Novice: 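Dropping the structure in here first, questions after.
Everything quoted here is computed from the prediction, not taken from an experiment. Sequence lines set the chain letters: A, B, ... in the order given, protein chains first and strands last, and positions in each chain run from 1.
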Amino acid sequence: MRVNNSRKKTDIEFFTHTLTGTKDTKMSTEDRYPFSEVEPKWQQTWRDTGVHKVDLDAPGDDKMYVLVMFSYPSSSKLHIGHWWNYGPTDTFARFKRMQGCNVFEPMGFDSFGLPAENYAIKVGTHPREVTESSIASIQEQLYAIGAMYDWDHSVITSRPEYYKWTQWLFLQLYKKGLAYQKDGMVNWCTSCQTVLANEQVQQDGSCERCGNIVIQKKMKQWYFRITDYADKLLEGLNDIDWPESTIKRQQNWIGRSEGANIRFALDAMPEEYIEVFTTRPDTVFGVTWIVLAPEHPLVSSLTTAEQKEAVNGYIEQAMRATDVERTSTTREKTGVFTGAYVRHPFTDKKIPIWIGDYVLGSYGTGAVMAVPAHDQRDFEFAEKYSLPMEVVIRPPHEMLEPEEMREAYTEPGMMVNSSNFNGLQSEVAKKVICEKLEDRNQGGLAVTYRMRDWSISRQRYWGAPIPVIYCDKCGVVPVPEKDLPVQLPDNVKEFRPKGTSPLGAVDEYMNVTCPECGGPARRDPDTMDTYVCSSFYHLRYLSSDKTGEAFDIERLKNWMPIDVYVGGADHSTGHLIYFRFITRFLHELGISPVEEPAKKLIHQGVIKHGGIKMSKSKGNVVNPDDFVANYGSDVFRMYLMFMGDYREGGDWSDEGITGIDRFINRIWRLVTHFGDGALDTGIPQKADYPKELYRTLHHTIKSVGEDLNNFAFNTAISRMMELVNEIYHWVGGDVQDSKVDQEAAKRLIQTLVTVLAPFAPHFSEEAWQRLGGKESIFTVKWPEFEEEALLQKTVTLIVQVNGKVRDRIEAPSDTDNETLKTMAMASDKVQSYLSEGTLRKAIVVPGKLVNLVIT
RNA sequence: GCCGGGGUGGCGGAAUUGGCAGACGCAGCGGACUCAAAAUCCGCCGAGGUUCACCCCUCGUGAGGGUUCGAGUCCCUCCCCCGGCACCA
């Protein structure tokens with residue numbers, strides 16, 4: 001590899017120089033930043049002195065909770081994704097700290113879950129061993145990033161001291177009726193042998209964790225009633241500074257639909273009815289049949305004897321189909337007639353009842369009314385089975401005839417063929433119909449959500465046990481809080497999934513006495529979805545040193561909400577909904593002071609390499625270790641920030657990193673040359689520098705600060721590079737022979753290093769000491785810019801003729817528009833253009849330009 | 001199909017939100033230093049034309065139209081790439 005070769009050569013040179021003590025060239029051993037000595041030294045010093053420790057009980061006026069999504073210890077190696085996430089976030093956190101905020105930037109491990117368990121099975125060890133050793137190893141490596149994590153306030157979700165509170169949370173939800181059991185269809189991963197939440201099934205119908213096919217299976221499961229919070233979760237989106245795309249995704253995921261429920265009485269049993277949900281009650285007169293989902297509870301009772309065979313055959317076939325097949329838009333809609341009829345609520349017309357697997361049992365009422373003229377799916381269904389069509393909505397300017405229609409008319413319009421509702425516009429009609437239905441007790445306004453309740457039971461070992469006991473006498477008995485945690489037993493012989501939880505085979509675990517009656521009872525053998533663990537970790541970070549309570553409410557009051565939350569957009573409809581839900585729930589319990597956990601959310605972009613997304617399967621993954629070994633941690637993390645916009649992602653280049661390496665070493669040479677002696681605490685004085693340089697210094701301070709607040713690390717680094725380039729022009733390319741005022745140069749470099757510190761913490765700490773600093777640079781205030789230094793006495797304006805740049809003029813910045821215009825017109829270069837026509841107009845933008853319009 | 005985000009030199013990417021397109025970096029080219037190379041420092045670096053050269057001119061931000069004194073930026077139509085949702089009645 002190219003990078004290795006060039007670096008090795010330097011190491012050899014370095015070595016030779018040191019050995020022989022050669023000083024005959026101008027470059028000395030000091031000329032390269034000795035990261036391999038500096039970085040471990042400061043990592044150790046920071047650990048020893050506890051400079052990053054935070055007193056959570058003293059939040060101060062300017063608290064700042066910076067949270068980056070914690071990671072899954074799936075291997076014992078830090079990969080580039082960790083650096084990409086943690087490095088820039090830490091730069092932001094350090095910047096805020098230097099600006100005087102009391103910053104809390106915690107780190108922990110989301111350590112329960114399938115990857116560790118699957119890995120443990122593969123290598124034949126215990127999941128706990130795999131997990132704990134990965135955590136120990138990763139935590140050690142995290143020091144290398146140079147982040148200011150305070151490990152006194154960490155969480156590890158697979159430890160009893162954490163999952164005790166996961167179970168406690170379950171019990172609180174249970175008490176409020178928000179945790180319940182339901183026998184229903186669930187997503188079942190055939191390979192992981194466990195249930196998955198909808199959020200864990202990928203678009204192609206495969207398992208998020210292992211990629212294998214997911215089928216539907218009927219099982220008794222625990223659910224959290226997140227649908228109760230659907231509206232609140234929607235409304236909350238208005239109050240937070242989150243990416244537009246994520247807000248949209250959550251809105252779509254929650255999928256609120258307003259419409260009506262309409263009851264159709266059964267023809268054979270008028271006291272029974274089928275209720276449908278529709279968003280188009282205005283089309284009710286166009287109903288020509290209704291369709292039930294195959295799993296609809298009334299199907300078997302209403303199917304006629306003649307149709308029984310056909311219906312049963314159809315259901316059997318439908319149930320065999322996977323959910324992917326059933327919901328594929330390209331699949332032809334199918335159905336079968338039940339032989340039964342309902343009566344139309346307004347016309348009393350007889351309407352046939354069909355079943356069709358494109359109707360989902362889990363959405364709305366599991367039954368729909370078919371209006372083929374105004375719904376595309378119904379239209380196709382009508383064509384296939386030759387069912388009648390009734391036009392009841394007229395487009396603004398034309399009349400529709402059923403036989404001419406090639407597709408359904410789904411836009412709003414005016415009601416026709418709808419008895420005494422004729423002439424109403426769709427939007428009005430919806431309300432009127434709903435009122436009418438309510439009057440007649442035949443339905444009314446209804447709201448339905450696409451989001452389903454959150455299924456949390458997992459038939460796997462490596463998770464937080466569900467704290468529930470089943471007693472023959474008492475039924476479902478929650479484990480009393482005083483008995484928490486329900487410890488995950490170690491003595492499990494077989495972790496391999498087989499359709500039921502491995503815990504079910506551990507008799508010592510399963511057999512308990514009922515907390516209520518003292519009789520024999522059994523535990524729930526399942527464990528909880530790991531998203532439960534991560535739904536409250538942001539609150540537990542603030543209390544993880546407290547063993548007797550879940551949350552230190554006082555601290556929560558002082559520190560919540562999270563000021564900036566950083567993590568992947570892939571969690572948009574998973575974790576990021578769950579943790580909002582649980583925060584809201586805890587808010588209602590009086591625990592969380594806020595309804596919304598995170599004020600601001602930032603998604604890191606995707607790292608590319610060679611123009612394509614970095615991934616194992618593409619084989620283009622960059623191993624951080626190689627580059628950290630060759631360039632050091634600061635250069636590596638800084639290059640990641642420089643590659644591109646943090647939110648957009650960037651394209652890694654093995655060569656590109658040399659740009660940052662050179663930049664750091666350019667500063668290093670300035671530091672080693674001008675850094676002798678004690679620290680001069682003075683700030684750079686205007687008189688000591690060329691006017692432009694002084695201005696650039698303050699401009700840099702200003703724009704780097706603004707950029708950091710915006711997570712615009714790439715442009716911030718560019719600004720610092722510009723300053724360094726300008727400093728070199730001032731001191732002269734050859735630093736050793738520089739004639740500039742030593743003290744003035746030193747003050748300038750001190751300021752530069754302070755600005756740089758959040759980006760390159762080890763480097764800056766070392767540089768600061770060499771410049772004479774005694775305290776850690778992170779106790780130093782990040783510099784403030786002088787507004788006055790940014791002002792220019794004269795400005796350069798461009799002179800345009802008809803929008804094209806023709807000249808530039810220098811003018812005092814307070815010159816009035818009329819004078820600017822005269823000056824522009826006096827320009828030699830402009831004269832020839834002026835003579836070609838007549839001046840029609842002059843646009844003067846002070847400080848920017850003069851545009852002369854000529855025809 | 002719907003919802004987001006994009007398309008700018010050889011490459012990664014900037015552009016104060018309508019005001020000098022290409023900051024900064026990589027690569028490349030030239031010079032200084034050196035016996036030499038590396039490193040370092042200085043300079044050049046969108047395309048075309050014109051010119052000994054300095055200058056100067058024309059074109060140029062996926063394509064086409066529009067608004068405007070002025071458009072990478074705003075509007076309309078279209079193409080392509082990335083991510084998400086997708087029979088939700």
Novice: Using salt bridge (charged side-chain N to carboxylate O under 4.0 Å, His left out) as the criterion, list what pairs up with A:Glu810, not counting sequence neighbours.
Specialist: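 Salt bridge (charged side-chain N to carboxylate O under 4.0 Å, His left out) list for A:Glu810, sorted by chain: empty.
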
Novice: Honestly, is A:Arg637 close enough over A:Phe759, meaning NZ or CZ under 6.0 Å from the six-membered ring centre and within 45° of the axis?
Specialist: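 Not flagged: A:Arg637 not positioned over aromatic ring of A:Phe759.
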
Novice: Quick one: is A:Ser257 getting a side-chain N or O under 4.0 Å of the B:rA89 phosphate, OP1 or OP2?
Specialist: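 True: A:Ser257 side-chain N/O within range (under 4.0 Å) of B:rA89 OP1/OP2.
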
Novice: Atom CD1 of A:Ile717 and atom P of B:rG12: how far apart are they, to the nearest Å?
Specialist: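 The answer, rounded to whole Å, is 18 Å.
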
Novice: Do the side-chain N or O atoms of A:Lys608 get closer than 4.0 angstrom to the phosphate oxygens (OP1, OP2) of B:rG13?
Specialist: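 Yes, within the criterion.
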
Novice: If the condition is salt bridge (charged side-chain N to carboxylate O under 4.0 Å, His left out), which residues does A:Lys702 pass it with, not counting sequence neighbours?
Specialist: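 In terms of salt bridge (charged side-chain N to carboxylate O under 4.0 Å, His left out), with neighbours along the sequence ignored, A:Lys702 is linked to A:Glu706.
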
Novice: Can you confirm whether the side chains of A:Glu726 and A:Thr696 place a donor and an acceptor under 3.5 Å from each other?
Specialist: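 There is such a pair between these side chains.
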
Novice: As a test of reading the structure: which of B:rG25, B:rG19, B:rG5 is closest to the side chain of A:Val845, going by heavy atoms?
Specialist: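 The nucleotide sitting nearest to the side chain is B:rG19.
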
Novice: ring-ring contact (aromatic ring centres under 6.0 Å, His included) with A:Trp652: which of A:Trp83, A:Phe642, A:Phe636?
Specialist: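 Only one option passes, and that is A:Phe636.
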
Novice: Could you check how far CG of A:Asp375 sits from P of B:rG1, rounded to whole Å?
Specialist: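 Taking CG of A:Asp375 and P of B:rG1, I get 18 Å after rounding.
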
Novice: For B:rU67 versus B:rC82, give the span between their C1' atoms, rounded off to a whole number of Å.
Specialist: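 Result for the C1' pair: 31 Å, nearest Å.
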
Novice: Can a salt bridge be assigned to the pair A:Lys613 and A:Asp651 using a cut-off of 4.0 Å between side-chain N and carboxylate O?
Specialist: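 Looking at A:Asp651 together with A:Lys613, the answer is no, because their closest N to O distance does not fall below 4.0 Å.
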
Novice: Is a donor-acceptor contact shorter than 3.5 angstrom present between the side chain of A:Lys841 and the base of B:rC69?
Specialist: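 No.
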
Novice: Can you tell me, in whole Å, how much space there is between the C1' of B:rG7 and that of B:rG64?
Specialist: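 Taking atom C1' in both B:rG7 and B:rG64, they lie 16 Å apart.
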
Novice: Report the glycosidic orientation of B:rU17: syn if within 90° of 0, anti in every other case.
Specialist: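 Chi for B:rU17 falls in the syn range.
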
Novice: Report the nucleotide, chosen from B:rG4, B:rC26, B:rG19, that has the shortest atom-to-atom distance to any side-chain atom of A:Lys248.
Specialist: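 Ranking B:rG4, B:rC26, B:rG19 by closest atom to the A:Lys248 side chain puts B:rG4 first.
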
Novice: So A:Asn725, base contact, sugar-phosphate only, or nothing? Heavy-atom distance under 4.0 Å.
Specialist: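 Sugar-phosphate only.
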
Novice: Whole angstrom is fine here: how far is it from CG in A:Asp645 over to P in B:rG25?
Specialist: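 Those two atoms, CG and P, are 19 Å apart.
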
Novice: Counting side-chain heavy atoms from C-beta on, which of B:rC69, B:rC24, B:rG4 comes nearest to A:Ser718?
Specialist: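 That would be B:rC24.
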
Novice: Please state whether the phosphate of B:rA27, meaning OP1 or OP2, lies under 4.0 angstrom from any side-chain nitrogen or oxygen of A:Arg662.
Specialist: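 For B:rA27, OP1 or OP2 has a side-chain N or O of A:Arg662 closer than 4.0 Å.
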
Novice: Are OP1 or OP2 of B:rA14 and a side-chain N or O of A:Arg719 less than 4.0 angstrom apart?
Specialist: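 No, no such contact exists.
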
Novice: Between A:Thr715 and A:Val704, is there a side-chain heavy-atom distance shorter than 4.5 Å?
Specialist: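 A side-chain contact under 4.5 Å is absent here.
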
Novice: What's the CD1-P distance between A:Ile607 and B:rG13, to the nearest Å?
Specialist: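 So the two atoms are 12 Å apart, to the nearest Å.
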
Novice: Select base, sugar-phosphate, or nothing to describe what A:Tyr833 touches, counting heavy atoms under 4.0 Å on all strands.
Specialist: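 Sugar-phosphate only.
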
Novice: Among the candidates B:rC3, B:rA15, B:rC24, find the nucleotide nearest to the side-chain atoms of A:Thr715.
Specialist: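 The answer is B:rA15.
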
Novice: Where the side chain of A:Glu655 is concerned, which of B:rC26, B:rG12, B:rC42 is the nearest nucleotide?
Specialist: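 The answer is B:rC26, which lies nearest to the side chain.
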
Novice: Please compare A:Glu244 and A:Val368 by the position of their nearest nucleotide in RNA chain B and report the one closer to 5'.
Specialist: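 By nearest-heavy-atom nucleotide position, the 5'-most residue is A:Glu244.
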
Novice: Please determine, for the side chain of A:Ile843, which listed nucleotide (B:rC42, B:rA89, B:rG19) has the closest atom?
Specialist: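 Closest nucleotide among those given: B:rG19.
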
Novice: Pick the P atom in B:rG19 and in B:rC29, then give their distance to the nearest Å.
Specialist: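 Per the computed distance, 37 Å lies between those P atoms.
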
Novice: Check the phosphate of B:rG25 against A:Arg666, side-chain N and O only, distance under 4.0 Å to OP1 or OP2. Yes or no?
Specialist: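 Result: no.
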
Novice: Indicate, with a heavy-atom threshold strictly under 4.0 Å, whether A:Tyr728 touches base, sugar-phosphate, or nothing.
Specialist: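 Touches sugar-phosphate only.
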
Novice: Check side chain to side chain donor-acceptor pair (under 3.5 Å) between A:Asp807 and all other residues, then give those that pass, not counting sequence neighbours.
Specialist: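 With sequence neighbours excluded, A:Asp807 shows a side chain to side chain donor-acceptor pair (under 3.5 Å) to A:Ser827, given in chain and number order.
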
Novice: How far does the P atom of B:rU77 sit from the matching atom of B:rG83, given to the nearest Å?
Specialist: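 Taking atom P in both B:rU77 and B:rG83, they lie 26 Å apart.
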
Novice: Determine the interatomic distance between P on B:rG22 and the same-named atom on B:rC57; round to the nearest Å.
Specialist: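 Comparing P positions in B:rG22 and B:rC57 gives a spacing of 16 Å.
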
Novice: Sticking with atom C1', work out how far B:rG72 lies from B:rG60, rounded to a whole angstrom.
Specialist: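 It comes out at 11 Å once rounded to the nearest Å.
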
Novice: Using a 4.0 Å heavy-atom cut-off, does A:Ser653 contact any base of the nucleic acid, only the sugar-phosphate backbone, or nothing at all?
Specialist: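 Nothing: the residue A:Ser653, judged by heavy atoms under 4.0 Å, touches no strand.
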
Novice: Expressed in whole Å, how much space separates the C1' atoms belonging to B:rC20 and B:rU61?
Specialist: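 Each nucleotide's C1' atom is 15 Å from the other's.
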
Novice: Counting only distance, no hydrogens or angles, is the base of B:rG5 paired donor-acceptor with the side chain of A:Glu648 under 3.5 Å?
Specialist: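 Flag unset: no donor-acceptor pair detected.
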
Novice: Using whole Å, what does the distance between atom P of nucleotide B:rC11 and atom CG of A:Asn714 come to?
Specialist: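 Distance, rounded to whole Å: 19 Å.
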
Novice: Name the nucleic acid region contacted by A:Lys829, choosing base, sugar-phosphate or nothing; use a 4.0 angstrom heavy-atom cut-off, strictly under.
Specialist: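 Sugar-phosphate, backbone atoms only, no base.
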
Novice: For A:His296 versus A:Gly366, what's the shortest heavy-atom pair and its separation?
Specialist: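 A:His296 and A:Gly366 have their closest heavy atoms at CD2-O, 3.5 Å.
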
Novice: Name the nucleic acid region contacted by A:Arg450, choosing base, sugar-phosphate or nothing; use a 4.0 angstrom heavy-atom cut-off, strictly under.
Specialist: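 Contact class for A:Arg450: base.
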
Novice: What nucleotide, of B:rG84, B:rG70, B:rA89, holds the atom closest to the side chain of A:Asn851?
Specialist: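 Closest nucleotide among those given: B:rG70.
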
Novice: Please determine whether a side-chain nitrogen of the Lys or Arg among A:Lys248 and A:Glu244 lies less than 4.0 Å from a carboxylate oxygen of the Asp or Glu.
Specialist: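 Salt bridge: yes.
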
Novice: Check whether any side-chain nitrogen or oxygen of A:His603 sits under 4.0 Å from OP1 or OP2 of B:rG84, and answer yes or no.
Specialist: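 Result: no.
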
Novice: For RNA chain B, what string of dots and brackets results from 5' to 3' when Watson-Crick and G-U pairs need both distances under 3.5 Å, crossing pairs get [ ], and pairs with another strand get |?
Specialist: (((((((..(((......[....))).(((((.......))))).((((......))))..(((((..]....))))))))))))....

Novice: Please classify the glycosidic conformation of B:rG9 as syn (within 90° of 0) or anti (everything else).
Specialist: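 What B:rG9 shows is a syn base, its glycosidic angle lying within 90° of 0.
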
Novice: Name the closest nucleotide to the A:Asp651 side chain, picking from B:rG12, B:rA89, B:rC20.
Specialist: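 Nearest to the side chain of A:Asp651 among the choices is B:rG12.
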
Novice: Please state how far atom CG in A:Asn802 lies from atom C1' in B:rA71, giving the value in whole angstrom units.
Specialist: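 Between C1' of B:rA71 and CG of A:Asn802: 16 Å.
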
Novice: Out of B:rC3, B:rC87, B:rU40, which nucleotide sits closest to the side chain of A:Tyr358?
Specialist: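 Nearest to the side chain of A:Tyr358 among the choices is B:rC87.
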
Novice: When all nucleic acid strands are considered with a 4.0 Å heavy-atom cut-off, which category describes A:Asp570: base, sugar-phosphate, or nothing?
Specialist: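 Contact class for A:Asp570: none.
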
Novice: By nearest heavy atom, map A:Lys804 and A:Thr448 onto RNA chain B; which one lands nearer the 5' end?
Specialist: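 Nearer the 5' end of the strand: A:Lys804.
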
Novice: For A:Asp241, check salt bridge (charged side-chain N to carboxylate O under 4.0 Å, His left out) against everything at least two apart and list the hits.
Specialist: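 With neighbours one apart ignored, the set is A:Lys600.
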
Novice: Would you tell me if any nitrogen or oxygen in the side chain of A:Arg806 comes within less than 4.0 Å of OP1 or OP2 on B:rC56?
Specialist: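 No.
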
Novice: Looking at every strand, decide which applies to A:Arg808 at a 4.0 Å heavy-atom threshold: base, sugar-phosphate, or nothing.
Specialist: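 If one applies the 4.0 Å heavy-atom cut-off, A:Arg808 turns out to touch a base.
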
Novice: Counting only side-chain heavy atoms from C-beta out, which of B:rA27, B:rA14, B:rA89 sits nearest to A:Tyr363?
Specialist: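 Nearest to the side-chain atoms of A:Tyr363, counting from C-beta on, is B:rA89.
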
Novice: Got a sec, which residues hit salt bridge (charged side-chain N to carboxylate O under 4.0 Å, His left out) with A:Arg256, two or more places apart in sequence or on another chain?
Specialist: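 Testing A:Arg256 for salt bridge (charged side-chain N to carboxylate O under 4.0 Å, His left out), a comparison that skips the adjacent residues, returns A:Asp231, A:Glu258.
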
Novice: When rounded to the nearest Å, what value does the distance between C1' atoms of B:rC24 and B:rC78 take?
Specialist: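 Looking at atom C1' only, B:rC24 and B:rC78 are 35 Å apart.
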
